[in-house]
Chemist: 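Okay, here's the structure, questions in a sec.
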Amino acid sequence: MELFDSLKFKIVRRGIKIAFPEASDTRILSAVARLRGEELIEPVLIGKRKEIEDAASTRGINISNMTIYDPDDCKRWEQIVEAFLERRKGKATREQAEEILKDENYFGTMLTYMGITDGLVSGAIHATSDTVRPALQIIKTKPGVSRTSGAFLMMRGNEQEKYLFSDCAINIAPEPKELAEIAVESAKTAEMFDIDPRVAMLSFSTKGSAKGPQSEATMEATKAAKEMAPELPLDGELQFDSAYIQTVAQLKAPESEVAGKANVFVFPDLQSGNIGYKIAQRLGNFEAIGPILQGLNKPVSDLSRGCNEEDVYKLSIITAAQSVMG
């Protein structure tokens, strides 16, 4: 069974509600119409009701069977404001809370926090920070996880090749312990996509072949990750060719159980991760799906502003699957 067929099977007709704070965008509307028609999710559209209805009408999209939440006209407004004030614990006045919750991302995140929806998908017209900040302030990270991170599912050749790249979206320069945490969370994400994780901690050095503070930090992160998840096949520091190509691995890291067989690649910083996934996408013709936010108590997904309808459709399926698979 192909990956998305498998994910669809897990979520179909389960009544999973996903919030869409950019509901007047036609890419979103086209995707949610497909998702609703296939009974994969129950879309919850957030924004000004007239703008959403006009956008749908212009494209000939039927949204009569979808729920719309308009922050300017919401029967549950007081309940949502009170829940926000309680969650922020004195960090906002009522007046500030009411202003903040007019923002569709904050409003949608509150719906997910309160259990009105099971997850949220945003980012088609917002920067990553606009999606992530409300999630960190309201939903927050799981116990034992200090920060969220962003992974990309990379696929090529009708799923013949399937990998996970992380962190390519959130953490600019993670400390070794944070990088270790990202690696462990990335392995959990990989399992959701039927990838049996073998995690490579990437560097410009393989097993001490080059010295420098960056490679030493990756070595330290590798040690910490092994302590966090001793059963997880994980190794570093490894250059990408050592992690990916068996003949190179035999020369550079012959004792490694991961080298040459890695399928989860953890980059040492955001700059290298972001560059790496885009090279694979543009030159290697990999499909890049994500970023998939990891480590949150409830699933929130961040689209690229360059996304198309298919990207919205697929990331929404992943978000729904996260909600039922933990």
Side-chain angles (χ1 to χ4, degrees), residues 2-3 149 151-168 174-290 292 294:
E2 292 185 356
L3 171 62
S149 55
F152 277 82
L153 176 64
M154 309 295 293
M155 297 194 302
R156 182 170 66 178
N158 196 27
E159 300 184 24
Q160 291 174 347
E161 293 181 82
K162 189 165 58 177
Y163 308 102
L164 198 81
F165 283 15
S166 184
D167 174 8
C168 305
E175 295 294 326
K177 200 164 185 180
E178 295 166 347
L179 192 61
E181 194 177 89
I182 290 168
V184 173
E185 288 300 309
S186 297
K188 295 175 185 175
T189 300
E191 289 174 341
M192 189 178 80
F193 300 121
D194 299 324
I195 297 172
D196 186 14
R198 296 183 297 275
V199 183
M201 308 293 284
L202 297 179
S203 177
F204 62 86
S205 166
T206 295
K207 298 296 184 179
S209 65
K211 301 292 184 183
Q214 296 93 339
S215 62
E216 289 169 6
T218 302
M219 291 170 65
E220 187 180 339
T222 301
K223 182 180 177 182
K226 287 181 175 180
E227 290 172 356
M228 290 178 189
E231 75 292 343
L232 178 64
L234 176 148
D235 203 7
E237 83 288 19
L238 296 171
Q239 292 163 284
F240 186 84
D241 57 354
S242 301
Y244 184 65
I245 301 172
Q246 288 194 352
T247 54
V248 177
Q250 288 166 6
L251 292 171
K252 293 187 175 184
E255 305 300 320
S256 174
E257 65 173 338
V258 168
K261 298 175 286 187
N263 50 25
V264 177
F265 299 95
V266 179
F267 293 83
D269 54 40
L270 180 58
Q271 180 165 249
S272 57
N274 191 270
I275 292 168
Y277 101 79
K278 288 187 176 180
I279 288 174
Q281 180 186 34
R282 302 301 181 181
L283 293 184
N285 294 318
F286 275 87
E287 181 180 6
I289 300 170
I292 301 151
Q294 306 175 142

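Quick caveat: nothing in here was measured; it's all calculated off a predicted structure. Heads up: numbering here begins at 1 and tracks the sequence.
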Chemist: Q239: what forms a side-chain hydrogen bond (donor to acceptor under 3.5 Å, both in side chains) with it, not counting sequence neighbours?
Modeler: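 Once residues adjacent in sequence are excluded, the partners of Q239 under the side-chain hydrogen bond (donor to acceptor under 3.5 Å, both in side chains) criterion are T206, K252.
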Chemist: Taking only residues two or more places apart in sequence, or in another chain, which ones meet Q214 in a side-chain hydrogen bond (donor to acceptor under 3.5 Å, both in side chains)?
Modeler: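 So Q214 forms no side-chain hydrogen bond (donor to acceptor under 3.5 Å, both in side chains) with any residue.
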Chemist: Run the side-chain hydrogen bond (donor to acceptor under 3.5 Å, both in side chains) test against K177 and tell me which residues pass, sequence neighbours left out.
Modeler: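 Residues passing side-chain hydrogen bond (donor to acceptor under 3.5 Å, both in side chains) with K177: none at all.
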Chemist: Rounded at 0.5 Å granularity, tell me how far OG in S166 sits from CZ in F267.
Modeler: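 Atom-to-atom, S166:OG and F267:CZ are 9.0 Å apart.
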Chemist: Rounded to the nearest 0.5 Å, how far apart are OG of S215 and CG of L238?
Modeler: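 It comes to 12.0 Å.
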Chemist: Might you point out which heavy atoms bring A243 and F265 nearest each other, and give the distance in Å?
Modeler: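 Reported closest heavy-atom pair: CB-CE2, 3.9 Å.
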Chemist: How close do P174 and L179 get, counting heavy atoms only, and between which atoms?
Modeler: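 The pair with the smallest heavy-atom distance is CG-CD1, 3.9 Å.
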Chemist: Using the six-membered ring wherever Trp is involved, compare the ring planes of F152 and Y277 and label them parallel, tilted or perpendicular (cut-offs 30° and 60°).
Modeler: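 Because their plane-to-plane angle is under 30°, the rings of F152 and Y277 count as parallel.
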Chemist: Please list all pairs meeting ring-ring contact (aromatic ring centres under 6.0 Å, His included) that have one or both residues in residues 194-224, counting only residues at least two apart or in different chains.
Modeler: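 As it turns out, there is no ring-ring contact (aromatic ring centres under 6.0 Å, His included) pair with a partner in residues 194-224 once direct neighbours are skipped.
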Chemist: For L251, which residues count as a side chain to side chain contact (heavy atoms under 4.5 Å, CB included) partner, sequence neighbours excluded?
Modeler: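 Not a single residue meets the side chain to side chain contact (heavy atoms under 4.5 Å, CB included) criterion with L251.
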Chemist: How would you list, by chain and number, every residue that makes a side chain to side chain contact (heavy atoms under 4.5 Å, CB included) with M155, sequence neighbours excluded?
Modeler: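 Counting only residues at least two positions away or on another chain, M155 forms a side chain to side chain contact (heavy atoms under 4.5 Å, CB included) with L3, F4, L153, E159, K162, E287, I289.
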Chemist: Test of understanding: with salt bridge (Lys or Arg N to Asp or Glu O under 4.0 Å), list the residues that count as partners of E237, not counting sequence neighbours.
Modeler: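 With neighbours one apart ignored, the set is empty.
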Chemist: Which pairs would a plain distance check flag for residues 221-235, meaning a side-chain donor or acceptor within less than 3.5 Å of a matching protein atom at least two apart in sequence or in another chain?
Modeler:
| residue | atom | partner | partner atom | Å |
| --- | --- | --- | --- | --- |
| T222 | OG1 | T218 | O | 2.8 |
| D235 | OD1 | K207 | NZ | 2.6 |
| D235 | OD2 | K207 | NZ | 3.1 |
| D235 | OD2 | S256 | OG | 2.6 |

Chemist: In Å, rounded to the nearest 0.5 Å, how long is the span from OH of Y244 to CG of N263?
Modeler: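 Between Y244 OH and N263 CG, I get 11.0 Å after rounding to 0.5 Å.
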Chemist: Step by step, would you call K188 with E191 a salt bridge (charged side-chain N to carboxylate O under 4.0 Å, His left out)?
Modeler: CA-CA 5 Å; K188 295 175 185 175; E191 289 174 341; over 6 Å; no
Chemist: Side-chain contact, heavy-atom cut-off 4.5 Å: E178 with D167?
Modeler: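 Not touching, per the 4.5 Å side-chain cut-off.
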Chemist: Could you tell me which residues satisfy ring pair (Phe, Tyr, Trp, His ring centres under 6.0 Å) with F193, sequence neighbours excluded, listed by chain and number?
Modeler: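 Counting only residues at least two positions away or on another chain, F193 forms no ring pair (Phe, Tyr, Trp, His ring centres under 6.0 Å).
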Chemist: If the condition is side chain to side chain contact (heavy atoms under 4.5 Å, CB included), which residues does F286 pass it with, not counting sequence neighbours?
Modeler: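 For F286 the side chain to side chain contact (heavy atoms under 4.5 Å, CB included) partners, ignoring immediate neighbours, are M154, R156, E161, Y163, A280.
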Chemist: Cut-off 3.5 Å, no hydrogens considered: what does the side-chain donor-acceptor table look like for residues 196-203, sequence neighbours left out?
Modeler:
| residue | atom | partner | partner atom | Å |
| --- | --- | --- | --- | --- |
| R198 | NE | K261 | O | 2.5 |
| R198 | NH2 | K261 | O | 3.0 |
| S203 | OG | S205 | N | 3.3 |

Chemist: Which heavy-atom pair separates S149 from I182 by the least distance, and what is that distance?
Modeler: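 The answer is CB-CG1, 3.8 Å.
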Chemist: Please list all pairs passing the side chain to side chain donor-acceptor pair (under 3.5 Å) test where one or both residues lie in residues 264-273, with sequence neighbours left out.
Modeler: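 Non-adjacent pairs meeting side chain to side chain donor-acceptor pair (under 3.5 Å): D269-S272.
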